[in-house]
Amino acid sequence: MSHKKNINKNLLWNKKNAVRIAKQEGIVLNKNHWKIINFVRNFYFKFHINPNIRILLTAINKKKKNKINSFDLIKLFKNNPSNQINKISGIPKSNRCI
């Protein structure tokens with residue numbers, strides 16, 4: 001996807017669309033999902049790259065008393081967490097490995 005198309009796609013993103021996409025993925029979003037989605041979106045628009053799972057977990061755990069790990073992400077996003085998080089967050093699929 002070209003950068004220009006990607007920008008247009010992200011301008012169309014909103015919470016309603018995220019809920020719809022999540023539903024298509026078999027996910028009912030809760031506050032833990034939204035923390036991850038919002039972090040990923042903010043990270044992407046600040047650094048113009050997708051955070052890998054290690055960066056995501058480290059950053060989220062800095063602010064939380066109850067730490068989460070990769071198994072927790074799998075419970076929240078069952079079918080390939082990285083891809084589902086990006087898809088629901090309205091950012092491009094990462095080409096990098098976890």
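- Applying the side chain to side chain donor-acceptor pair (under 3.5 Å) criterion to N30, with sequence neighbours excluded, gives H33.
- No chain of hydrophobic side-chain contacts below 4.5 Å, direct or via other Ile, Leu, Val, Met, Phe, Trp or Tyr residues, connects F77 to V28.
- The hydrophobic clustering, which links ILVMFWY residues whose side-chain heavy atoms are closer than 4.5 Å, places F47 and I36 together.
- Evaluation of the salt bridge (Lys or Arg N to Asp or Glu O under 4.0 Å) test over residues 18-38, restricted to residues two or more places apart or in two chains, returns E25-K87.
- The aromatic rings of H48 and Y44 sit perpendicular, their planes meeting at an angle over 60°, well past the 30° parallel limit.
- W13 has its side chain within reach of I37: a pair of non-hydrogen atoms, C-beta onward, lies under 4.5 Å apart.
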Distance-only check: which donor-acceptor pairs under 3.5 Å involve side-chain atoms of residues 69-76, not counting sequence neighbours?
from	atom 1	to	atom 2	distance (Å)
N69	OD1	F71	N	2.8
N69	OD1	D72	N	3.0
D72	OD2	N69	N	2.9

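- Here the closest non-hydrogen pair linking F43 and I55 is CE1-CG2, 3.7 Å.
- The backbone N or O of L12 lies less than 3.5 Å from a partner atom in the side chain of N17, making a donor-acceptor pair.
- For K67 (side chain) and N61 (main-chain N/O), a donor-acceptor pair under 3.5 Å exists by modelled atom type.
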